[in-house]
Structures are given as structure tokens and as C-alpha cells.
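Please read the structure below before turning to the comments.
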Number of protein chains: 2
Amino acid sequence: MNDRREHIVELIQKHDKVYIADLTNHFQVSTMTVRRDLSSLEKEGKIIRIHGGAVAAQPLRHETAYQVKENVNVVEKKAIAQEAASLIADHSTIILDSGTTTLELARCLKDREGLSVVTNDVLIAAELVNSSVDVIVTGGELQHEVGAMFGSHTERLLQSIYVDQCFLGVHSVDTAGQVRAPSIEKAKIKRLMIDSANETWVLADYSKIGHKAFAHVCHLEELVGIVTDEQSHARHLHDNMVVAKMQEEGGDL
Amino acid sequence: MNDRREHIVELIQKHDKVYIADLTNHFQVSTMTVRRDLSSLEKEGKIIRIHGGAVAAQPLRHETAYQVKENVNVVEKKAIAQEAASLIADHSTIILDSGTTTLELARCLKDREGLSVVTNDVLIAAELVNSSVDVIVTGGELQHEVGAMFGSHTERLLQSIYVDQCFLGVHSVDTAGQVRAPSIEKAKIKRLMIDSANETWVLADYSKIGHKAFAHVCHLEELVGIVTDEQSHARHLHDNMVVAKMQEEGGDL
DNA sequence: ACATTGTTGTTTATTTATAACAAAATTTAG
DNA sequence: CTAAATTTTGTTATAAATAAACAACAATGT
């Protein structure tokens with residue numbers, strides 16, 4: 001029993017939050033036993049109980065990058081995803097880059113007929129398992145928390161294919177129209193995706209515009225366009241960008 | 001509005017069941033609007049409302065293979081998974097074959113230190129995104145509903161690696177100890193996994209024992225052992241099988 | 001005999017559903 | 001082409017349904 005309670009504390013410190021249902025599965029005990037463990041541990045001040053589970057008493061570790069990202073600008077991401085979905089024809093083949101905005105796009109495509117999707121994101125692949133879409137997974141090493149795959153294996157598959165369209169999730173588009181990624185490795189993958197597609201679109205909500213991430217991927221002029229939300233117009237968008245806006249009254253920039 | 005309602009009916013017929021939360025996201029409307037749509041469609045007899053969503057009025061399509069599989073013998077699968085987890089050392093490298101039992105095993109391994117997992121199942125990979133485990137995804141074409149990857153790409157990766165242990169999910173182990181799979185393609189993948197591992201274990205609950213699926217994979221004697229539940233003893237297990245039982249009082253068969 | 005766990009029934013918290021009204025959007029009539 | 005009328009939608013408050021928490025007791029194992 002003490003082993004289990006120590007283990008519970010460890011689990012909470014690792015994940016910041018645990019659910020009772022998960023703990024009953026993990027230890028194969030009843031909910032009542034878990035509740036008693038949590039009550040006891042809360043009395044000791046080691047954890048704090050919440051409805052359905054418990055959280056760490058001292059949240060030492062900050063939230064993971066991905067957990068933050070997934071819940072930021074959700075409305076904008078959904079709107080961008082819907083706009084991007086309208087650019088995709090049935091019976092075509094596309095690349096979906098790893099990312100939260102492209103994940104939203106995948107959700108919009110679940111019921112499409114005859115669509116083939118190549119992706120380097122296991123969360124996108126998992127989302128499309130129960131769909132009418134054909135999926136090809138690049139494979140490779142899995143990046144923790146994000147779900148992206150990278151490495152030589154990923155690169156080799158990308159080099160062996162050619163698709164109609166590519167949709168990139170990016171970390172920054174700076175004021176000069178440079179598309180940038182947080183690592184050389186990621187930039188390389190994105191570059192390969194661009195080279196394997198007839199046309200490439202960038203998906204980026206306003207929070208990505210104007211920042212300058214580490215590694216250069218390409219210039220917007222090399223691509224067909226960017227799908228973004230109207231708030232981006234308040235920022236410093238270079239003139240000769242091709243921009244597909246979501247709001248119909250706006251038109252190109 | 002009528003477009004949306006027709007679309008809702010289509011979605012329900014495709015997925016057998018939809019949730020209001022999903023519909024509000026999909027159409028970007030309020031819950032109230034969705035509720036009114038569902039009420040109206042129920043009055044027309046096209047759907048049947050349930051708490052939190054709606055189901056098809058005439059459930060023409062049977063449940064998908066995977067949805068059935070995932071909810072069958074859950075207790076046995078969890079127990080088998082826990083037993084299998086105890087066979088795995090920290091800081092080792094293993095292959096996890098696609099399957100519901102191996103998915104349970106993956107859940108048991110989330111907090112292991114220094115473990116590396118190679119898998120051909122996107123659901124396993126997605127499960128391990130937020131874990132301490134290093135994951136290598138084989139890549140390849142994705143099989144609908146199951147989440148397994150196959151094809152030349154998968155095979156090439158498996159041929160390029162070597163691991164400590166391999167855990168196979170199988171469709172049948174017949175009375176002669178033949179391990180079998182539902183397709184030649186799948187059998188080929190499993191065979192490659194066996195060849196890429198120092199030792200291979202089969203995970204199979206009692207419902208798999210005694211049946212005879214389509215394609216031959218290997219004989220149990222070629223492997224290190226099988227992890228199963230005690231109900232299997234009631235069935236026709238061949239004598240010279242190596243069996244790791246879950247119940248300690250049992251021992252080898 | 002004691003500590004631990006699971007089961008049952010009961011209370012509390014949360015989520016989902018409904019109803020009534022106000023704000024847009026659309027249609028129709030003048 | 002405007003203005004009333006109708007339809008559709010979103011918001012708020014309230015009610016119903018579900019899930020979670022708790023308490024008391026029985027069962028299990030040490």
C-alpha cells in the first residue's frame with residue numbers, strides 16, 4: 001500500500017495531474033482505494049485533490065510546451081483549419097506537417113472521400129485512424145510531448161514521394177517574410193516537404209507573425225500562400241506576401 | 001441550417017454516434033443550436049438522441065472491428081499487459097507490435113526510465129507521446145480502424161534494427177502451437193519483428209487460443225514464451241509450450 | 001486481531017438538457 | 001428600397017441526468 005502511495009506521488013509530480021480512473025487502471029484497485037490514498041496523501045500535504053483526481057502540491061515543473069500550445073488561440077486555429085480545408089480537393093494527396101493547427105486541419109478532413117494524407121505527426125495519424133482518409137506515416141524518432149517524427153527515416157520517406165499540396169505548421173514568419181523553425185532538424189524536414197509538393201501553404205495564427213525563430217526554412221514568396229487570421233493584419237506583414245484571409249470581405253493583402 | 005442538419009445526419013450514419021461538443025466545434029455554432037437540430041431530427045425519426053449527443057435511428061453499419069476488439073476481454077488484457085511489463089528491464093529496447101493488448105502494455109510502460117520502444121502502431125505511439133519512453137515509429141501505410149502501419153517502408157525499418165525484446169499481439173495460436181495472423185502482409189511484419197529481436201514473447205488472451213487464423217507466422221517453440229490468462233488452461237494448449245502465467249500459483253504449463 | 005480493500009447506498013458536485021427571452025439574420029409586404 | 005414579420009441563433013437562468021465523493025459495513029489477507 002505504501003509502495004502504491006509513493007508511486008502515486010511520483011506519478012503526480014511527473015504529470016502534474018492524475019485522474020482517479022487512470023490510477024484504478026494502473027494499479028488495478030477500486031476507486032475507493034484510490035480515493036483513500038489521495039485523501040491520506042492530501043492530509044500529508046503531498047498532493048492537492050481535485051474533482052476526479054489530484055494535482056501536485058508544489059507545481060515545480062511548468063506545463064509542457066505542447067500542453068500550452070494546444071490550448072492557445074484555439075478559435076483562430078480552428079478557423080484557419082476550416083479555411084485551409086476549403087483549399088483541398090477530394091481525391092488529392094497532401095502532406096500535413098506536425099503541429100496543432102495542422103491537427104485541427106486533419107479533424108476537418110476526416111470525412112473526405114479519396115483523400116490521401118502523408119504526415120510526420122503521430123497525433124494527426126491517430127486522429128485519422130477512424131476516418132475515410134488514407135494515411136501514410138513517415139516514421140522515425142518521436143519527439144516527446146509534440147508527437148512529431150524526425151530523423152533520417154522521416155527524411156528518406158519524404159524524398160521518395162510527391163504530392164499535390166503541402167500544409168506547413170510554422171513557428172514564426174518574420175517581418176521580411178522568412179518562414180522559420182525552432183531547430184535545424186525541423187527546418188530540414190519542412191524543406192523536404194516543400195520540395196515534395198506541387199504547392200505549399202503555411203498555416204499560422206497571428207501569434208506566429210512577426211517573431212523570428214531559430215532556423216530558416218524558406219521565404220513566403222517561394223510558397224503559394226499563407227492562411228492566417230485577420231489579427232495578423234495589425235502586425236507587420238510584408239507587402240508582397242500572398243495571403244488567403246479567412247474573412248471574405250478582406251481579400252488578398 | 002438545412003445543410004447543417006443534413007450534414008449531421010450523414011455524420012451520425014458514418015460514425016454511428018456523435019457528441020454535441022464535437023458538433024459545436026465542427027460547425028462553430030452554440031450548443032443550443034445543435035440541441036435544436038438534434039431535437040428536430042429526432043422528431044423526424046432520422047436520429048435518436050442520447051445524453052450528450054445522438055445515435056443513428058437505424059444502426060445499419062455494425063461496429064468496426066477495432067471498436068469491438070478494444071472493449072473485449074479488457075480485464076484479461078490489462079492483466080496480461082502488467083505481467084508482460086514485469087518482463088521488461090529499464091534501459092532496454094523493445095518492439096511493440098500493433099494491437100489492443102500491446103497498447104495496454106504501452107500504458108504500463110509510460111513511466112519507465114531509459115526505455116526505447118519501436119512500434120508499428122500509431123495509437124501506441126500517440127499514447128507514449130507524453131511519457132518518459134523514447135519511441136521510434138516504423139512509418140508506412142496506415143490501416144484504418146486498427147492503427148497499424150504496414151508496407152515496404154515499415155519492413156525496411158524493421159530490417160535495419162535489432163532490439164532486446166519483442167512483444168507480439170497475435171490473432172490466433174492454434175492447438176499445435178502455430179502463431180497465425182489474419183493476412184500475409186501482417187504475418188510478414190511479425191516475422192521481421194521476431195528476426196529483429198533477441199527474444200520474442202506472444203501476448204494472447206484466452207479468446208485467441210485454439211483458433212486458426214489465415215497466415216502462418218511461426219511456431220511457439222521458436223519464441224521465448226507466451227503471456228496469457230488462466231482461462232487458456234481450459235483450452236487445448238500443446239504440452240511443450242513455454243507459458244508465463246499471470247497467476248503465481250500456476251507456474252509453467 | 002488488525003490493517004487493507006471492495007461493495008453498497010447516500011450525498012454532493014458537475015455536466016447536460018430545457019425553457020424563456022433577446023439579438024441577428026432572413027424573408028415578405030407595402 | 002425600406003420596414004414589419006418571421007426565422008434562426010445565442011444568452012441566461014433553471015431543471016434534470018450523470019458522475020464523483022463519501023460513509024458504513026463486509027470480506028480478505030497478514
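Bear in mind that the values here come from a model prediction, so they are computed numbers and not experimental data. Basis for what follows: all heavy atoms, side chains included, without hydrogens, waters or symmetry-related copies. Protein chains get the first letters and strands the later ones, always in sequence-line order, with residue 1 at the start of each.
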Would you kindly give the CG-to-C1' distance between A:Leu23 and D:dA20, to the nearest whole Å?
14 Å
Separation between CD1 (B:Ile88) and CD1 (B:Ile94), nearest 0.5 Å, reads 4.0 Å
Would you tabulate the pairs of protein nitrogen or oxygen atoms and nucleotide nitrogen or oxygen atoms of nucleotides 23-25 of chain C closer than 3.5 angstrom?
none

Could you state the atom-to-atom distance from CD of A:Glu42 to C1' of D:dA20 in whole Å?
15 Å
How would you list all residue pairs meeting salt bridge (Lys or Arg N to Asp or Glu O under 4.0 Å) that involve residues 87-98 of chain B, not counting sequence neighbours?
B:Asp90-B:Arg112, B:Asp97-B:Lys190
Could you check B:Arg49, B:Arg4, B:Lys43, B:Lys46 and say which one makes a salt bridge (Lys or Arg N to Asp or Glu O under 4.0 Å) with B:Asp37?
B:Arg4
Grab the CE-P distance between B:Met32 and D:dT8 for me, whole Å please.
14 Å
From CZ (A:Phe167) to OG1 (A:Thr119), nearest 0.5 Å:
12.5 Å
Rounding to an integer number of Å, can you tell me how far B:Asn2 CG sits from C:dT27 P?
12 Å
Bend angle of the helix from C:dA1-D:dT30 to C:dG30-D:dC1 from five-pair axes at both ends, rounded to 10°?
30°
Could you pull out all residues at least two apart from A:His26 that satisfy ring pair (Phe, Tyr, Trp, His ring centres under 6.0 Å)?
A:His7
Quick test: give all pairs of protein nitrogen or oxygen and nucleotides 14-16 of chain C nitrogen or oxygen below 3.5 Å, distance rounded to 0.1 Å.
residue: C:dT16; atom: O3'; partner: B:Gly52; partner atom: N; Å: 3.2

Selected nucleotide, minimal atom distance to A:Ser39 side chain, candidates C:dT5, D:dC22, D:dT9
D:dC22
Run the side chain to side chain contact (heavy atoms under 4.5 Å, CB included) check on A:Val137 and A:Met149 step by step: do they pass?
CA-CA 9 Å; A:Val137 183; A:Met149 288 168 279; 3.4 Å; yes
To the nearest 0.5 angstrom, please state how far the CG atom of A:Leu105 sits from the NZ atom of A:Lys77.
13.5 Å
Rounded to whole Å, please give me the gap between CD in B:Gln28 and C1' in D:dT9.
15 Å
Output yes when at least one side-chain N/O atom of A:Thr33 is less than 4.0 Å from OP1 or OP2 of C:dT5, else no.
no
Strictly below 4.0 Å: does A:Arg49 bring a side-chain N or O up to OP1 or OP2 of D:dC22?
yes
Please list all pairs meeting salt bridge (Lys or Arg N to Asp or Glu O under 4.0 Å) that have one or both residues in residues 122-134 of chain A, counting only residues at least two apart or in different chains.
A:Arg107-A:Glu127, A:Lys110-A:Glu127
Using the side chain to side chain contact (heavy atoms under 4.5 Å, CB included) rule, take B:Val173 and B:Thr228 through it: C-alpha gap first, then chi angles, then the decisive distance, then the call.
CA-CA 11 Å; B:Val173 179; B:Thr228 185; over 6 Å; no
Rounded to the nearest 0.5 Å, what separation is found between the OG atom of B:Ser40 and the CZ atom of B:Arg36?
11.0 Å
To the nearest Å, give me how far apart CZ (A:Phe27) and C1' (C:dT5) are.
15 Å
Supply the atom-to-atom distance A:Ser39 OG to A:Ile47 CD1, rounded to the nearest 0.5 angstrom.
8.0 Å
Nearest-Å distance for atom pair CZ/C1', residues B:Arg36 and C:dA19
10 Å
Whole-Å distance separating the CG atom of B:Asp3 from the P atom of C:dT26:
13 Å
Student check: side-chain heavy atoms of A:Thr101 and A:Val227 closer than 4.5 Å
no
If you compare every side-chain N and O of A:Arg4 against the phosphate oxygens of C:dT4 (OP1, OP2), does one of them come in below 4.0 Å?
no
